[in-house]
Amino acid sequence: MPGPLASYTTLRMGGPAERIVAAGTADEIVRAVLAANEPVLILAGGSNVVIGDSGFPGTVVLVRSRGLRVVAEDAGSVTVRVEAGEPWDDLVAATVANGWAGLECLSGIPGSTGATPIQNVGAYGQEVAETITGVEVYDRAEGTRQVIPAADCGFAYRGSIFKYADRWVVLSVDFRLTPSPLSGPVRYAELARALGVEVGDQVPLADARAAVLRLRAGKGMVLDATDPDTRSVGSFFTNPVLDRATYELFLERAAELGDPPAWPGADGMVKVSAAWLIDKAGFAKGHPGPDGVAISSKHTLALTNRSGTAHTVDLLALAATIRDTVHARFGVTLHPEPVLINCAL
Ligand SMILES: Cc1cc2nc3c(=O)[nH]c(=O)nc-3n(C[C@H](O)[C@H](O)[C@H](O)COP(=O)(O)OP(=O)(O)OC[C@H]3O[C@@H](n4cnc5c(N)ncnc54)[C@H](O)[C@@H]3O)c2cc1C
């Protein structure tokens with residue numbers, strides 16, 4: 001059976017910890033971190049971590065702070081300050097209900113608000129980097145509490161200065177939103193199709209949220225205790241961003257497979273689809289791995305604890321097989337999106 005940290009993760013995997021402490025306010029989070037035996041693991045919704053079967057050899061601080069308040073408002077914007085432990089989708093629902101645009105396409109993503117800057121959470125053409133103005137942190141290196149302006153957060157595709165760094169504990173996040181009954185321009189073709197509009201059109205906020213939730217549920221990307229496809233971390237691999245030479249090599253190797261999806265980026269880099277690579281390397285939806293793990297039956301990118309009692313070692317064995325097969329077939333290396341804790345791929 002998986003260990004005690006399993007019940008704090010959406011994968012339902014992870015061994016024991018020396019201590020688990022719940023902290024209900026920003027002050028309590030700081031106190032818990034200061035009082036903890038090293039090492040310390042900050043854990044919130046547990047929806048973007050893979051914890052090893054041997055668990056965590058230190059203190060796990062559970063982020064359970066709640067609340068949001070408006071801290072600035074003018075004709076064109078409203079800034080909300082949100083405590084780190086506030087469930088993300090409750091925040092998105094509240095912004096949509098209040099007529100504040102900016103987060104609506106990020107509906108249905110599990111986890112906490114304080115974790116969203118960590119990997120610059122994004123979906124359906126929106127990223128939190130577009131609306132975050134500052135992140136209040138406890139800086140463990142300096143022993144101070146401070147606000148890091150968005151420009152200094154190093155936001156990138158599924159990344160920031162915070163990812164893989166245990167220096168900063170996020171206490172609250174400020175989002176600058178736009179009072180508007182309409183969403184921002186819809187950027188994602190699949191979402192535009194679902195809404196029956198063109199890319200670039202705007203739709204009522206509630207329609208955008210409902211369409212995103214529908215699309216996500218169809219892919220097992222909204223947590224549902226009755227659906228084993230959602231015992232995952234969402235996408236297990238990021239979409240690889242290739243330099244020109246690797247992209248050309250990839251195109252040669254993919255020549256007989258039609259037009260692979262690709263998105264040109266800055267400096268000649270090209271982002272390609274991890275789901276496409278995995279599928280074309282021979283891993284279909286539902287593909288089983290060892291001992292109760294499997295690719296989701298609804299989405300090629302999600303690796304799941306199908307049985308509910310599977311182990312991290314087996315999930316990582318499936319992930320390694322996929323990564324190595326994709327590399328051998330296409331010369332492209334897949335990288336994991338979640339944070340691996342006390343385990344390795
Ligand atoms: C079904 C499903 C669908 C998903 N879809 C998406 C998606 O569309 N887009 C996307 O970007 N992600 C997606 N994810 C991944 C995940 O939901 C997000 O990354 C989310 O922000 C993680 O929040 P959490 O509170 O669960 O973080 P946790 O898993 O608890 O933590 C993740 C990492 O952040 C650190 N951390 C958490 N809170 C803090 C804090 N307050 N201070 C410092 N460090 C902290 C942890 O130490 C860990 O390293 C999905 C996951 C699942 C299970």
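Below, each value reflects all heavy atoms present in this structure, side chains not excepted, and no hydrogens, waters or symmetry copies. Every number for a ligand or one of its atoms is a count from 1 in the order of the listing.
- Looking at Val170 against ligand 1, both its backbone and its side chain come within 4.0 Å, counting heavy atoms.
- Those atoms of ligand 1 that come under 4.0 Å of a heavy atom in Met221, given as number and element, are 1 (C), 3 (C).
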Inset, instruction - May I have the step-by-step check of side chain to side chain contact (heavy atoms under 4.5 Å, CB included) for Asp229 and Arg306, ending in yes or no? - result: CA-CA 7 Å; Asp229 277 327; Arg306 185 84 207 166; 2.9 Å; yes
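- Of the heavy atoms in Val339, only side-chain atoms (C-beta onward) come closer than 4.0 Å to ligand 1.
- In this structure, Lys163 falls outside the shell of residues with a heavy atom less than 4.0 angstrom from ligand 1.
- When side chains are defined from C-beta on, Leu106 counts as touching Trp88, because their heavy atoms get closer than 4.5 Å.
- A salt bridge links Arg140 with Glu38: the closest approach of a Lys/Arg side-chain nitrogen to an acidic carboxylate oxygen falls below 4.0 angstrom.
- Of the N and O atoms on the side chains of Glu86 and Thr113, not one donor lies less than 3.5 Å from an acceptor on the other residue.
- Heavy atoms from other residues, nucleotides or ligands lying under 6.0 Å from CG of Asp74 number more than 12.
- In this structure a side-chain-to-backbone donor-acceptor pair under 3.5 Å is present from Ser232 to Gly234.
- Ranking the protein heavy atoms by distance from atom 29 (O) of ligand 1 puts Asn48 N, 2.8 Å first.
- Here Asp224 does not pair with Arg216 in a salt bridge; the nearest charged N to carboxylate O distance is not below 4.0 Å.
- Among protein heavy atoms, atom 9 (N) of ligand 1 sits closest to Gly122 O, 2.8 Å.
- When heavy-atom distances to ligand 1 are checked against a 4.0 Å cut-off, Ile118 comes that close only through its side chain, counted from C-beta outward.
- Side-chain contact check for Gln146 and Glu136: no donor-acceptor pair (N or O, by modelled atom type) lies under 3.5 Å.
- Among protein heavy atoms, atom 13 (C) of ligand 1 sits closest to Ile109 CG2, 3.8 Å.
- The distance from ligand 1 to the heavy atoms of Val49 drops below 4.0 Å at these ligand atoms: 29 (O), 31 (O), 32 (C), 48 (C).
- Ligand-side atoms of ligand 1 in range of Val169: 42 (N), 43 (C), range being under 4.0 angstrom from any heavy atom.
- Residue contacts with ligand 1 for Trp168 involve N, CA, C or O but no side-chain atom from C-beta outward (heavy atoms, distance under 4.0 Å).
- The environment of Glu248 atom CD is dense: over 12 non-hydrogen atoms of other residues, nucleotides or ligands sit within 6.0 angstrom.
- Rounded to the nearest 0.5 angstrom, Ile278 CD1 and Ile322 CD1 are separated by 5.5 Å.
- In this structure, Lys285 does not pair ionically with Asp279, as no charged nitrogen and carboxylate oxygen lie closer than 4.0 Å.
- Taking a cut-off of under 4.0 Å to the non-hydrogen atoms of Ala115, the atoms of ligand 1 that pass are 21 (O), 22 (C), 23 (O), 24 (P), 25 (O), 27 (O), 37 (C), 38 (N).
- With a 6.0 Å cutoff to the six-membered ring centre and a 45° limit on the axis angle, Lys280 does not count as a cation-pi contact of Phe330.
- The only option from Thr116, Val96, Leu177, Val121 that meets the side-chain contact (heavy atoms from CB on, under 4.5 Å) definition with Leu103 turns out to be Leu177.
- For atom 53 (C) of ligand 1, the nearest protein heavy atom (residue, atom name, distance) is Ser232 O, 3.2 Å.
- Residue nearest to atom 22 (C) of ligand 1, selected from Pro117, Gly111, Ser47: Ser47 (by heavy-atom distance).
- Considering backbone and side-chain atoms alike, Gly46 places an N or O below 3.5 Å from some N or O of ligand 1.
- Less than 4.0 angstrom separates some heavy atom of Thr10 from each of these atoms of ligand 1: 53 (C).
- Contacts with ligand 1 closer than 4.0 Å are made by heavy atoms of both the backbone and the side chain of Leu43.
- The part of Arg158 lying near ligand 1 is the side chain, judged by heavy-atom distances below 4.0 Å.
- Close N/O approach between Gln119 and ligand 1 is found [any backbone or side-chain N/O within under 3.5 Å].
- Counting heavy atoms under 4.0 Å from ligand 1, residue Ala123 touches it through the side chain alone.
- At the top of the distance list for atom 24 (P) of ligand 1, counting protein heavy atoms only, stands Gly45 N, 3.4 Å.
- By the 4.0 Å N-to-carboxylate-O rule, Arg167 lies close enough to Asp139 to be salt-bridged with it.
- We find that Glu190 and Lys219 are joined by a salt bridge, their nearest charged nitrogen and carboxylate oxygen being less than 4.0 Å apart.
- Inclusion of Arg216 in the set of residues having an N or O under 3.5 Å from an N or O of ligand 1 is warranted.
- Only the backbone of Val233 comes within 4.0 Å of ligand 1, counting heavy atoms alone; no side-chain atom from C-beta on gets that close.
- The closest non-hydrogen atom to atom 36 (N) of ligand 1, taken over Thr116, Ile42, Asp227, Asp89, comes from Ile42.
- Closest to atom 18 (C) of ligand 1, if we only count protein heavy atoms, is Val121 CG2, 3.9 Å.
- Comparing heavy-atom distances from atom 2 (C) of ligand 1 across Cys105, Pro110, Ala23 singles out Pro110 as nearest.
- With 3.5 Å as the limit, one finds a donor-acceptor pair spanning the side chains of Thr246 and Asp243.
- In this structure, Thr230 falls outside the shell of residues with a heavy atom less than 4.0 angstrom from ligand 1.
- Residue contact check: Gly234 has heavy atoms under 4.0 Å from atoms 2 (C), 3 (C), 4 (C), 50 (C), 51 (C), 52 (C), 53 (C) of ligand 1.
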